[in-house]
Amino acid sequence: MPYYKKTKIPLLWLRRHTSDREFMLISSVLVGLTAGMAAVVLKTLVHYIHELLAYGNRLLDQPYWLVIFPLIGILLTVFVARTLFQGKPSRGTASVLFNISQKSSMVERYNMYFHVITSALTVGFGGSAGLESPIVVTGSAIGSNYGREYHLNYRDRTLLLASGAAAGIAAVFNAPIAGVLFAIEVLLTDISISAFIPLIIAAVVGTLCSKIILQEEILFYIGQREFFAAAHVPFYVLLGILCGMMSVYYTRMALRVEELFEGYHNKVYTRAMVGGVLLGLLIMLFPPLFGEGYTSVSLLESNNAQMLLQDSWLAFFGTNEWLVLGFVGALALVKVFATTITIASGGNGGNFAPSMFVGATTGFFFSRLVNLLEISRLPVSSFSMVGMAGILSGVMHAPLTAVFLIAEITGGYTLMIPLMIVSATSYALVKYFEPYSLDTKKLAQKGQLLTHNKDRTILRIMKIRHLIETEFQPVSPDATLGELVQVIAHSRRNLFPVVNAEQKLEGVILLENVREIMFKAEKYDTVKVKELMVRPPAMVQYDDSMADVMKKFDESNAWNLPVLRQDQYLGFVSKSSIFTKYRKLLIKTTNV
């Protein structure tokens, strides 16, 4: 008997001999453990690849290696994706949201290991991206496939998917609360109190995996150094506004850079070469862009920003405070280019860690500028940390995750008030200019995104192709009244489409409109169907969204409307079938 079947037997026994709730709690432990271990493996791989390149042979002492290594990483990622996975795997949190909304929370099996391999290659070789999005996709795939293996329903499968993502985030940052909040804010659009328990269990198990196995230098942790002062509140408000503006800049610039690389859609290796060279040049000019960037964040937090210039060409000019300030400000602006180039050119990574990098540089720049201008004396460390929450909140549209993540990685809650102020201000400003986050904007434009508006969410899930009714009996426009009567006699419908030889809809026959004339036998051979047909009050196109379909029903007051695809008649969609499907989906997606 295959090994995987042997390991499955005990769980099948538990599935039969425990309640649904008990089995979900057991499942959350197993999913959290597996996702946590996947996160540990990924962080360890990246750490040791980077250690080998940076310190094993001291290759990074030579600037030209900064160009070569990221290029190698991206090319290796593209090669693995195309040769082992046929170039099909999707990337980022957006792919998970797409699977939740369009594929009933079914995530392809290869996502359980594909992202661990490819993101380790990309980031380990210096790609300027984060590991959090690959970990989220990996954890989500683990939870989804566990639910599919044991035939769990949509709600339970979605909950385990989110539990895997929560465990992954929790393991990366040693932050279980942030993991739970990320799953709730980003992945789940509707959740009941009872669903918190599996999420919490999975996040705690994932955190324990990293806490027990990973060494401290691999985890990103910053001890609290300074405390909150009420006198600094106005400056935190200003920082929140600045973070909001930077988040809008980050989102829009990233999407524009992605569009530039879309021209290389069918030239994957050319795209990888162009992107790798551009990224390498950026890293050569700004060495802190190499890798995730958490080392640079630690330097900013400890007020040692001058060390960022150590391997830069600007080191020739010394470490003048204004020069350091300008360099840090430039880092905040160019990081978005480095990250987007990394991902758009074929590398695998996400925007989570880069958002924190931009936030730290923004907070440092703001506080140091205020101090240099002698406007006030601000704690640079605190503003750097709070700035991370501001950008993360604005780019990811996850203010609660941002607040508690920074609180957890700083080892305390003394910055809770400024974290709330900056995150809320940044999020409110970004929401005004960008209703959707960077990861969800394209999905929203295609109508493929679940939202907290339950009605809109269900309408987006519903598709016309699943609701077309074809049992309506068509008649030819040249048919006689007698032939029409024969069709009516053998039909249970009171609506008849008039379709010509080219399968184009010319009109409809309503039974109530021909009720009187159909009993006049003397007209059976003289009256044609085309004389009796009327134009339908509205017509539905095959690719119309359900929101558009419902609008047509409301405006026409009809109960049945014809469905066309490029003028070809396909059938009818009825308001009653839509309501039936709506209710089924409402039951299916409620109380996750």
Side-chain angles (χ1 to χ4, degrees), residues 38-39 41-85 87 89-92 110-111 113-138 172 218 254 257-258 261 264 267-296 311 334-354 357:
V41 170
L42 178 54
K43 290 290 287 186
T44 304
L45 280 174
V46 171
H47 175 75
Y48 284 109
I49 290 174
H50 187 67
E51 286 281 305
L52 176 65
L53 300 181
Y55 305 113
N57 299 317
R58 303 300 299 172
L59 292 178
L60 294 185
D61 287 343
Q62 305 299 323
Y64 56 82
W65 285 109
L66 294 174
V67 178
I68 296 175
F69 279 142
L71 173 61
I72 293 174
I74 293 174
L75 286 172
L76 285 174
T77 301
V78 172
F79 175 77
V80 169
R82 289 188 64 81
T83 55
L84 300 182
F85 302 94
S90 53
R91 299 178 179 134
Y110 54 71
N111 283 303
Y113 46 87
F114 167 78
H115 297 276
V116 173
I117 299 170
T118 54
S119 62
L121 291 173
T122 298
V123 181
F125 277 83
S128 191
L131 297 174
E132 293 77 17
S133 287
I135 289 172
V136 166
V137 181
T138 301
V172 172
I218 298 180
V257 175
E258 280 184 12
F261 277 88
Y264 295 97
K267 303 175 181 178
V268 290
Y269 285 106
T270 302
R271 180 179 61 189
M273 287 290 294
V274 171
V277 171
L278 290 175
L279 175 62
L281 292 174
L282 277 176
I283 294 175
M284 191 169 66
L285 294 174
F286 300 95
L289 297 178
F290 189 92
E292 290 182 276
Y294 287 132
T295 302
S296 300
D311 297 321
V334 300
K335 179 64 174 179
V336 60
F337 292 98
T339 299
T340 310
I341 289 171
T342 300
I343 300 171
S345 62
N348 193 359
N351 289 285
F352 204 103
F357 181 97

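Small disclaimer: the values here were computed from a predicted structure and weren't measured. We use all heavy atoms of the structure for the numbers below, so side chains are in, but hydrogens, waters and symmetry mates are not.
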For residues 280-289, the side chain to side chain donor-acceptor pair (under 3.5 Å) pairs (sequence neighbours left out) are none
Residue pairs passing the side chain to side chain donor-acceptor pair (under 3.5 Å) test with at least one member in residues 275-287, sequence neighbours excluded, are none
Give the C-alpha distance, both sets of side-chain angles, the deciding distance and a yes or no for side-chain contact (heavy atoms from CB on, under 4.5 Å) between L289 and V334. CA-CA 9 Å; L289 297 178; V334 300; 3.9 Å; yes
(message) Just so I know, are the side chains of H115 and I135 near enough to count as touching, which here means a heavy-atom distance under 4.5 Å?
(response) no
Looking only at heavy atoms, which two atoms of [X] and [Y] are closest? And how far apart?
X: P70; Y: L279; value: CB-CD2, 3.7 Å
X: P134; Y: G349; value: CG-CA, 3.9 Å
X: G275; Y: I341; value: O-CG2, 3.2 Å
X: F125; Y: G73; value: CB-CA, 3.6 Å
X: A39; Y: V172; value: CB-CG2, 4.3 Å
X: V78; Y: A272; value: CG2-CB, 3.9 Å

Contacts of T342 meeting side chain to side chain donor-acceptor pair (under 3.5 Å) (sequence neighbours excluded), chain-then-number -> none
Would you give the length of the straight line joining atom [atom1] of [X] to atom [atom2] of [Y], rounded to the nearest 0.5 angstrom?
X: Y269; Y: I74; atom1: OH; atom2: CD1; answer: 13.5 Å
X: L282; Y: F337; atom1: CG; atom2: CZ; answer: 8.5 Å
X: I68; Y: I283; atom1: CD1; atom2: CD1; answer: 12.5 Å
X: T295; Y: F290; atom1: OG1; atom2: CZ; answer: 10.5 Å
X: I117; Y: L76; atom1: CD1; atom2: CG; answer: 12.0 Å
X: I72; Y: T77; atom1: CD1; atom2: OG1; answer: 11.5 Å

Main chain of [Y], side chain of [X]: is a donor-acceptor contact present, judged purely on distance under 3.5 Å?
X: E132; Y: A353; answer: yes
X: T339; Y: A129; answer: no
X: T122; Y: N348; answer: yes

Fill in: V257 and F261: CA distance, side-chain angles, deciding distance, side-chain contact (heavy atoms from CB on, under 4.5 Å) verdict
CA-CA 7 Å; V257 175; F261 277 88; 4.0 Å; yes
V116 meets the side chain to side chain contact (heavy atoms under 4.5 Å, CB included) criterion, sequence neighbours left out, with V41, L42, L45, T138
Residue set satisfying side chain to side chain contact (heavy atoms under 4.5 Å, CB included) with S133, at least two apart, ordered chain then number -> T93
Salt bridge (Lys or Arg N to Asp or Glu O under 4.0 Å) filter on E292, not counting sequence neighbours, yields K43
